[in-house]
Amino acid sequence: MSTIKGEAPTYALAFHGSGSYMAHVYFTTDDLASLQPGQVWADNRAMSTKDFDELVDDKC
C-alpha cells in the first residue's frame with residue numbers, strides 16, 4: 001500500500017496462475033466503491049465480467 005498525502009491509499013494484489021501466468025492489480029478504495037453490480041476492477045479500470053473474460057481469455 002502506498003499513499004500520497006491527501007490521496008486515497010493504493011493497494012496492490014499480485015497472484016500467479018498456472019504455468020508462468022502472473023498478474024498484478026492496483027486499486028484504491030474509491031476504485032472499488034465506483035464499481036456497479038456485475039463489474040470488476042482490472043487493467044486499471046472498471047469493466048463487465050464479459051469484458052474481463054475477453055481480456056484474460058488468451059492468458060489463462
Side-chain angles (χ1 to χ4, degrees):
M1 178 175 70
S2 66
T3 61
I4 297 174
K5 189 174 182 179
E7 292 187 13
T10 299
Y11 297 89
L13 173 66
F15 53 93
H16 298 266
S18 62
S20 62
Y21 179 76
M22 183 171 60
H24 296 87
V25 180
Y26 301 93
F27 56 91
T28 67
T29 54
D30 291 340
D31 295 331
L32 297 183
S34 73
L35 294 176
Q36 300 298 314
Q39 288 187 317
V40 297
W41 188 261
D43 204 26
N44 294 317
R45 60 191 169 100
M47 64 179 68
S48 69
T49 54
K50 180 181 181 241
D51 289 341
F52 176 77
D53 287 344
E54 292 173 4
L55 177 70
V56 300
D57 190 41
D58 65 334
K59 295 176 175 61
C60 295

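Computation of the quantities below employed the complete heavy-atom set of this structure, encompassing side-chain atoms and omitting hydrogens, waters and symmetry-equivalent molecules. Being a predicted model, the structure only gives us computed values, none of them experimental. Residues: numbered from 1 along the sequence shown.
Taking each heavy atom of F15 and V25 in turn, the nearest pair found is CE2-CG2, 4.1 Å. Closest of all the heavy-atom pairs between S48 and V40 is O-CG2, 4.3 Å. Residues A14 and H24 share a closest heavy-atom pair of CB-CD2, 3.4 Å. Pairing each heavy atom of T28 with each of T10, the nearest pair is CG2-OG1, 3.8 Å. For the pair Q39 and S34, the tightest heavy-atom approach, listed with the atom from each and the gap, is OE1-O, 4.1 Å.
Within a 6.0 Å radius of CZ in F27, more than 12 heavy atoms belonging to other residues, nucleotides or ligands are found.
A continuous path of ILVMFWY side-chain contacts below 4.5 Å connects L32 to L13, so both sit in one hydrophobic cluster.
Taking CE of M47 as the reference point, atom CG of L35 lies at 10.5 Å (rounded to 0.5 Å).
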Q: Starting from the C-alpha separation in whole Å, work towards a yes-or-no answer on side chain to side chain contact (heavy atoms under 4.5 Å, CB included) for D43 and F52.
A: CA-CA 9 Å; D43 204 26; F52 176 77; over 6 Å; no
